[in-house]
Amino acid sequence: MPDKRPADATVTNPVIPGFHPDPSVCRVDDDYFLVCSSFEYFPGIPVFHSRDLVHWTRIGNALDRPGQLRLTDTPSSGGVYAPTLRHHDGRFWLIVTNVAEGEGTMLFTATDPAGPWSDPVYLPAVEGIDPDLAWDEDGTCWCTVAGISQVRIDPYTGETFGPPRKLWSGTPGALAPEAPHLYRIGDLWYLLIAEGGTERGHGVSIARGPAPYGPFEPCPANPVLTHRSSDRPVQNTGHADLVQGPDGSWWMVLLGVRPHGGTPGWHVLGRETFLAPVTWVDGWPVVGEVSPDLPAPPWPLVPGPVEPGRDDFGLGELRPYWISVRDRPEELCTTKERAGRLTLRARGDGLDEPDVVFVGRRQQHLACRARTRIDPAEGRGGLAVRLDEEHHYEIEVSQGEVRVVGRVGPLRTVVGSRAVPAGPVVLGVRVSGTPMRDARTGPDTLAFGVEDPDGTFTELGALDGRYLSTEVAGGFTGRVIGMYAAAGTVHFDWFDYEPLAP
């Protein structure tokens, strides 16, 4: 069937919006699979599937059992860093670093990327983050890490052979050479890395050589991708992986951010996964434009199932997009106690604490609305937008009162409150852009309130979104919107998330 799309058709970039950084992709026949970093959140490492590189469907989380992932004492923006996903010898291989003390580099395998994934094989002699896996022609497996150094490993046992050896580490003096990926393309081996740090100076460089261990010559046009010192709408471009499209063309998945507001520009969704075309000139990759409107690829697009915005908690377990902070004990978080309800039992004293009982989903749109119906008869809890323990906003209900609270650094402030009748109440938050006033204008505004039975939304407090941005809070994550318990037991009937027009 002929393609009826107009010649100037575009698709939306990022292809996986919201807090989905450090993408790694692999192709198996006509299917594509992609994983991302998850840091202090459990379950860890979201796994996506696509048939066209544009539409991605979350099919699970690779690390969904406590025996695979320990995060108890992990600080925010610690935990799971930069996985690499590869397919070799009939199985999927996932290597990653858990920077929590005593964990280090771990390797997992699966025959189905949707899971289950194996228990970890530990590689205690592999020191460093951003581990990569590559096999040469005789089956030797090489692990390359940030720095950039490499060691031969047995991926079945975690044994290493010989000391790590330094490889090409990018531009001399450049900050943070990291995110290495090795590829055999034609007769040469290519070493792709990120450098410049994961902030505004981020970029992608590449070198090539005759063997997986080099020697490597750098591309004369390095960096092959960077948006540093530019006013492009996508910034911090880097941490990339290469893959071939359905027609044999080459493409790059990478992380980037979308800053908004005045100076210095604030990004609030975390680092997102973007797609860019790649062509080859004189044996070197040339990366096309990374923009919010990507020219549609030439092959048929295959949209997958749309992730539901509303969850009535009617399943026996939580959907894959729900994540929690560090762990999710079933005795504290369950959909099985009351049919069609999510039950949360408090531990600690709310979102200021590292062991908060919280279930959320990544904010994926610059303008959106989230609502939930909560029964606080046995406790205290509510609806929150979280970045970390010191940066979160929430609307909380207990004992006939609703209040909006903002936590920014050492300050915790009650922004507004109102009495409500006993019984369940619908809480909501609306995120919308802030009209530009001057260079100090923030990226967006978060308005919290309650919804009456007739659908009327009563705003109780509005807060500047810049304080829930990476530029203010620091770290590597993005906003997560969800439900929490701060005292006793609370029950949630449903949760609804929907994008709004910008």
Side-chain angles (χ1 to χ4, degrees), residues 21-25 82 84 86 95 126-137 140-152 162-230 232 234-244 249-256 274-290:
D22 308 326
S24 179
V25 64
T84 292
R86 295 294 182 253
I95 190 168
V126 175
E127 298 182 358
I129 60 172
D130 303 4
D132 175 71
L133 288 178
W135 286 262
D136 64 19
E137 294 85 348
T140 300
C141 185
W142 301 94
C143 179
T144 310
V145 298
I148 303 286
S149 64
Q150 184 187 81
V151 66
R152 185 166 67 91
R165 60 177 291 175
K166 283 288 187 180
L167 302 182
W168 174 77
S169 294
T171 305
L175 177 68
E178 57 189 5
H181 289 308
L182 267 173
Y183 316 89
R184 174 68 184 268
I185 301 174
D187 295 328
L188 296 173
W189 285 85
Y190 287 83
L191 174 60
L192 188 76
I193 72 165
E195 60 182 9
T198 195
E199 298 80 32
R200 295 294 192 268
H202 212 21
V204 178
S205 292
I206 196 166
R208 66 188 182 191
Y213 41 82
F216 290 101
E217 64 162 316
C219 174
N222 278 335
V224 293
L225 172 64
T226 187
H227 283 185
R228 62 182 66 136
S229 300
S230 76
R232 295 177 180 180
V234 181
Q235 290 290 325
N236 303 29
T237 51
H239 203 115
D241 203 0
L242 292 171
V243 68
Q244 284 188 279
S249 61
W250 284 87
W251 294 76
M252 176 181 282
V253 294
L254 65 140
L255 68 77
F274 289 80
L275 181 68
V278 174
T279 55
W280 292 83
V281 178
D282 297 328
W284 294 109
V286 177
V287 183
E289 184 73 13
V290 181

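For the single chain, residues carry numbers from 1 onward in sequence order.
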Would you say the side-chain atoms of Tyr183 pair up with the backbone N or O of Leu242, donor to acceptor, closer than 3.5 Å? yes
Work out which heavy atom in Pro131 is nearest to a heavy atom in Ala82; give both atom names and the distance. CD-O, 3.9 Å
Asp130 side chain reached by Pro180 side chain, heavy atoms, under 4.5 Å: yes
For residues Leu192 and Ala240, report the shortest heavy-atom separation together with the two atoms involved. CD2-O, 3.6 Å
Please tabulate, for the side chains in residues 204-222, all donor-acceptor contacts under 3.5 angstrom to protein atoms that are two or more places apart in sequence or on a different chain.
residue	atom	partner	partner atom	Å
Ser205	OG	Glu195	OE2	2.9
Arg208	NE	Glu217	OE2	3.2
Arg208	NH1	Asp282	O	3.3
Arg208	NH1	Gly283	O	3.1
Asn222	OD1	Ile206	N	3.0
Asn222	ND2	Ile206	O	3.0
Asn222	ND2	Cys219	O	3.3

Side chains of residues 141-148: which donor-acceptor pairs under 3.5 Å do they make with residues two or more places apart or in other chains?
residue	atom	partner	partner atom	Å
Trp142	NE1	Asp136	OD2	3.2
Thr144	OG1	Gln150	NE2	3.2

With distance as the sole test, does Thr84 use its side chain to make a donor-acceptor pair with the main-chain N or O of Leu133 at under 3.5 Å? no
Centroid-centroid distance, Trp251 to Phe274, less than 6.0 Å: no
Using side-chain heavy atoms (C-beta onward) and a distance below 4.5 Å, is Val286 in contact with Val224? no
I would like to know whether Ser230 and Gln235 meet side chain to side chain donor-acceptor pair (under 3.5 Å); could you show each step before the answer? CA-CA 8 Å; Ser230 76; Gln235 290 290 325; 3.2 Å; yes
State whether a side-chain donor-acceptor pair under 3.5 Å links Asn236 with His202. no
Does a side-chain heavy-atom distance below 4.5 Å link Arg228 with Glu199? no
Apply side-chain contact (heavy atoms from CB on, under 4.5 Å) to residues Leu275 and Met252 and explain how you reach the verdict. CA-CA 6 Å; Leu275 181 68; Met252 176 181 282; over 6 Å; no
Mind listing the closest non-hydrogen atom pair of His227 and Thr237 along with its distance? N-OG1, 3.3 Å
How about Arg86 and Trp135: do any of their side-chain heavy atoms sit closer than 4.5 Å? yes
Side chains of Ile95 and Asp132: does their closest heavy-atom pair fall under 4.5 Å? no
Is there a side-chain contact between Trp280 and Trp250, using heavy atoms and a 4.5 Å cut-off? yes
Might you point out which heavy atoms bring Gly288 and Ala276 nearest each other, and give the distance in Å? O-CB, 4.2 Å
Are any of the side-chain heavy atoms of Trp168 and Ile193 separated by less than 4.5 Å? yes
Quick check: do Leu225 and Leu254 have side-chain heavy atoms less than 4.5 Å from each other? yes
